[in-house]
Asker: 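Have a look at this one before I ask anything.
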Amino acid sequence: MRYYLIVGEASGDLHASHLMKALKAQDKEAEFRFFGGDNMTAVGGERVRHYKELAYMGFIPVLLHLPTIFRNMAMCKRDITEWQPDVVILVDYAGFNLSIAKYLRDRRKKEPNGKHPKVFYFIAPKLWAWKEHRIKNIKRDVDELFSILPFEKEFFEGKHGYPIHYVGNPTADEVRQFKSEYKESYADFCKRNNLDENKPIIALLAGSRRQEIKDNLPAMLEAVKGYSDYQPVLACAPGIDEDYYSEYIGDNIVGRTHNETYALLSHSTAALVTSGTATLETAIFDVPQVVCYKTPVPPITRWAFNNIIKCKYISLVNLIADKEVVQELFADRFSVKTIKEELGKILPNGEGREKMMQEYDIIDERLGEDVAPENAARLMISILSEE
């Protein structure tokens with residue numbers, strides 16, 4: 001079968017590449033064409049555009065690049081029509097991908113007797129947090145939706161009556177595989193990274209974007225100063241220069257690791273984490289954490305979160321558990337003092353450490369044991385074979 005995939009960012013490229021491998025393993029005739037990145041290219045097939053040519057974030061960058069965005073969208077629509085895939089698989093990236101889904105639905109209506117691809121959505125857009133009205137687009141334009149977050153089943157099916165497939169979580173797959181294979185001792189890890197093997201580690205995961213690092217890292221560093229029996233170790237993000245980190249580290253004594261967050265978490269006693277997938281990774285590694293996320297104009301951010309944004313929590317850990325397992329210090333709760341206090345509660349002998357680690361079991365249970373790419377590929381091929 002012919003599979004056309006559309007990805008708009010790095011995480012989508014990674015998850016889509018794993019899906020492609022699983023499809024290839026189960027469908028020996030699989031052909032791929034895609035808007036994607038280097039990971040997808042390594043699997044094989046024809047890359048039409050790199051996702052970096054699509055990914056513009058924020059109002060001003062999007063506005064400045066509108067002609068390019070429209071050209072890419074028109075080119076994508078034309079390319080799908082000419083290549084005639086059996087299915088178009090949309091991966092997250094809702095703004096672009098929902099426009100493609102609408103285009104394909106309109107073509108079906110205009111040419112009811114023509115050959116048209118199925119439209120599958122892999123990694124559902126986060127409508128439960130923002131732009132819930134887009135559910136009508138999903139219902140109208142998407143044939144099958146594949147979710148990687150267990151709580152989305154209640155949102156799409158329970159609240160909106162739209163059946164979906166929860167296929168398992170790719171992050172859980174990746175962490176579990178790493179844990180089963182990684183054997184390096186604490187002493188060897190410390191030696192390799194110029195760390196003190198006599199001090200336990202507090203991991204600092206300050207985000208992958210420059211703005212996140214600028215906003216969160218200084219407060220994290222200030223908060224750990226009082227814990228001299230521990231060593232703070234920063235997980236440096238790919239693509240961020242050493243000099244950029246040095247601007248904010250200054251005279252602080254802090255270790256650094258590069259492109260090995262999983263190894264760092266394997267050896268950490270606790271962590272300060274900027275919200276995102278990293279919160280879920282930290283939980284699956286059973287590392288107690290405090291979620292830190294500085295926002296502009298804290299009172300307005302808090303008001304917006306309480307009145308506009310349609311979700312109770314900002315971390316995947318709490319969203320999956322549907323309760324406050326980890327402390328979320330953002331908006332008006334973000335301060336060095338509060339970070340320091342909450343960190344103390346999750347260090348050994350802290351009042352909240354054991355309870356948090358016990359409640360991480362809820363996360364594991366709800367994520368399930370299914371290997372997401374393999375499960376999604378099996379379901380996709382089964383649905384397409386019924387045609």
Side-chain angles (χ1 to χ4, degrees), residues 149-151 169 171-172 174-176 178-180 182-187 189-190 195-206 216 219-235 255 261-293 312-330 333-369:
L149 296 171
F151 62 85
N169 186 274
T171 299
E174 290 154 15
V175 172
R176 288 166 182 166
F178 181 89
K179 287 171 75 173
S180 71
Y182 183 67
K183 307 300 179 188
E184 187 176 33
S185 69
Y186 186 72
F189 175 79
C190 288
L195 304 174
D196 184 350
E197 65 180 272
N198 297 307
K199 285 188 175 184
I201 289 171
I202 298 173
L204 307 181
L205 279 61
N216 296 290
M220 289 178 171
L221 290 169
E222 197 64 29
V224 298
K225 277 184 178 178
Y227 298 101
S228 56
D229 292 338
Y230 296 84
Q231 58 182 326
V233 180
L234 174 64
T261 301
Y262 284 7
L264 172 60
L265 287 172
S266 293
H267 296 295
S268 295
T269 298
L272 301 179
V273 187
T274 295
S275 183
T277 305
T279 64
L280 181 57
E281 293 169 330
T282 303
I284 301 172
F285 274 104
D286 288 321
V287 178
Q289 64 184 296
V290 179
V291 175
C292 315
Y293 200 85
K312 291 188 283 186
Y313 307 108
I314 64 168
S315 69
L316 285 175
V317 174
N318 290 347
L319 284 164
I320 291 169
D322 196 26
K323 62 187 293 189
E324 192 174 61
V325 173
V326 300
Q327 288 295 311
E328 298 180 344
L329 307 184
F330 74 103
R333 293 198 66 205
F334 182 94
S335 70
V336 171
K337 180 175 180 290
T338 313
I339 296 170
K340 187 173 182 177
E341 288 173 357
E342 294 300 331
L343 176 60
K345 294 176 185 177
I346 61 168
L347 289 171
N349 301 317
E351 62 191 76
R353 182 177 178 85
E354 290 306 316
K355 183 182 178 186
M356 186 179 294
M357 293 180 75
Q358 289 169 10
E359 291 189 327
Y360 278 167
D361 292 340
I362 300 171
I363 311 301
D364 277 333
E365 184 181 333
R366 294 192 175 175
L367 289 172
E369 298 296 327

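Numbers for residues simply follow the sequence, beginning at 1. Only a predicted model underlies this, so the values are computations on that prediction, with no experimental measurement involved.
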Asker: May I ask you to decide if Gly255's main-chain N or O and Gln231's side chain share a donor-acceptor pair within less than 3.5 Å?
Answerer: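 Checked: no pair found.
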Asker: For residues Ile339 and Ala219, report the shortest heavy-atom separation together with the two atoms involved.
Answerer: CD1-CB, 4.1 Å
Asker: Can you tell me how far OH of Tyr293 sits from OG of Ser315, rounded to the nearest 0.5 angstrom?
Answerer: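 Reported value, rounded in 0.5 Å steps: 13.0 Å.
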Asker: Quick check: do Asn169 and Leu149 have side-chain heavy atoms less than 4.5 Å from each other?
Answerer: yes
Asker: Taking the side chain as every heavy atom from C-beta outward, state whether Val291 and Phe330 have any atom pair closer than 4.5 Å.
Answerer: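 No, side chains not in contact.
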Asker: Using modelled atom types and a 3.5 Å cut-off, is there a donor and acceptor pairing between side-chain atoms of Lys179 and backbone atoms of Ile284?
Answerer: yes
Asker: Which atoms form the tightest heavy-atom contact between Ile201 and Ser268, and what is the distance?
Answerer: CG2-OG, 3.5 Å
Asker: Might you work through the salt bridge (charged side-chain N to carboxylate O under 4.0 Å, His left out) test for Lys345 and Glu341, ending with a clear yes or no?
Answerer: CA-CA 7 Å; Lys345 294 176 185 177; Glu341 288 173 357; 5.9 Å; no
Asker: Do any pairs count as a salt bridge (Lys or Arg N to Asp or Glu O under 4.0 Å) and have a residue in residues 223-235, sequence neighbours left out, and if so which ones?
Answerer: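 Qualifying pairs, neighbours excluded: Glu222-Lys225.
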Asker: If we count only N and O atoms by modelled type, under 3.5 Å, do the side chains of Tyr313 and Glu324 hold a donor and an acceptor together?
Answerer: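 Result is no, nothing qualifies.
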Asker: Mind checking the SG-CG spacing from Cys292 to Leu272? Nearest 0.5 Å is all I need.
Answerer: 5.0 Å
Asker: Taking all non-hydrogen atoms of both residues, which atom of Ser228 and which atom of Lys199 are closest, and how far apart?
Answerer: O-NZ, 3.0 Å
Asker: Hey, is the main chain of Phe334 close enough, under 3.5 Å, to the side chain of Thr338 for a donor-acceptor pair?
Answerer: no
Asker: Going by ring pair (Phe, Tyr, Trp, His ring centres under 6.0 Å), name the residues that satisfy it together with Phe151, two or more places apart in sequence or in a different chain.
Answerer: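 By the ring pair (Phe, Tyr, Trp, His ring centres under 6.0 Å) rule, Phe151 matches Trp128.
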Asker: Going by heavy atoms in the side chains, are Pro348 and Thr269 under 4.5 Å from each other?
Answerer: yes
Asker: Evaluate the side-chain contact (heavy atoms from CB on, under 4.5 Å) criterion for residues Thr279 and Gln289: first the C-alpha distance (whole Å), next the side-chain angles of each, then the deciding distance (0.1 Å), finally the verdict.
Answerer: CA-CA 8 Å; Thr279 64; Gln289 64 184 296; 3.6 Å; yes
Asker: Pair Met220, Leu205 - check side-chain contact (heavy atoms from CB on, under 4.5 Å), show working.
Answerer: CA-CA 9 Å; Met220 289 178 171; Leu205 279 61; 5.9 Å; no
Asker: If you look at every heavy atom in Glu342 and Leu329, which pair is closest and at what distance?
Answerer: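 Shortest heavy-atom separation between Glu342 and Leu329 comes out as CG-CD1, 4.1 Å.
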Asker: According to the interplanar angle, ranging from 0 to 90°, do the rings of Tyr227 and Tyr230 count as parallel (below 30°), tilted (30 to 60°) or perpendicular (above 60°)?
Answerer: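 Taking Tyr230 first and then Tyr227, their aromatic rings stand perpendicular (interplane angle over 60°).
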Asker: Does a side-chain heavy-atom distance below 4.5 Å link Ile363 with Leu316?
Answerer: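 Result no, sub-4.5 Å side-chain heavy-atom pair not found.
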Asker: Heavy-atom count around Lys355 NZ within 6.0 Å, excluding the residue itself: above 12?
Answerer: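 Counting other residues, nucleotides and ligands, NZ of Lys355 stays at 12 neighbours or fewer.
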Asker: Indicate yes or no: at least one non-hydrogen side-chain atom of Lys323 is less than 4.5 angstrom from one of Ile362.
Answerer: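 Yes, close enough: below the 4.5 Å cut-off.
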Asker: Say whether, by atom type as modelled, one donor and one acceptor occur between the side chain of Glu359 and the main chain of Val325 under 3.5 angstrom.
Answerer: no
Asker: Donor-acceptor check, side chain of Tyr360 to backbone of Val287, threshold 3.5 angstrom: yes or no?
Answerer: yes
Asker: Run Glu281 and Tyr262 through side-chain hydrogen bond (donor to acceptor under 3.5 Å, both in side chains) and show every step you take.
Answerer: CA-CA 8 Å; Glu281 293 169 330; Tyr262 284 7; 2.9 Å; yes
Asker: Taking all non-hydrogen atoms of both residues into account, name the closest pair between Val273 and Ala271 and its distance.
Answerer: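 For Val273 and Ala271, the tightest heavy-atom pair comes out as CG2-CB, 3.8 Å.
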Asker: I need the minimum non-hydrogen distance between Leu204 and Pro232, along with the two atoms involved.
Answerer: CD1-CB, 4.0 Å
Asker: Rounded at 0.5 Å granularity, tell me how far CE in Met356 sits from CD1 in Ile346.
Answerer: 5.0 Å
Asker: Mark yes or no for whether Lys183, through its side chain, and Ser180, through its backbone, hold a donor-acceptor pair below 3.5 Å.
Answerer: yes
Asker: What verdict does the side-chain contact (heavy atoms from CB on, under 4.5 Å) test give for Arg176 and Leu367, after you've listed the backbone C-alpha separation in whole Å, the side-chain angles of each residue and the deciding distance to 0.1 Å?
Answerer: CA-CA 12 Å; Arg176 288 166 182 166; Leu367 289 172; 4.1 Å; yes
Asker: Can you establish whether the number of heavy atoms outside Glu184 located under 6.0 Å from its atom CD is more than 12?
Answerer: yes
Asker: Under the ring pair (Phe, Tyr, Trp, His ring centres under 6.0 Å) rule, collect the residues that match up with Phe189, sequence neighbours excluded.
Answerer: His267
Asker: I'd like to know if the side chain of Asp286 reaches the main chain of Met357, judged simply by a donor and an acceptor atom lying under 3.5 Å from each other, with no hydrogens or angles considered.
Answerer: no
Asker: Could you give the distance from OG1 (Thr171) to CG (Leu280), rounded to the nearest 0.5 Å?
Answerer: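 Atom-to-atom, Thr171:OG1 and Leu280:CG are 5.5 Å apart.
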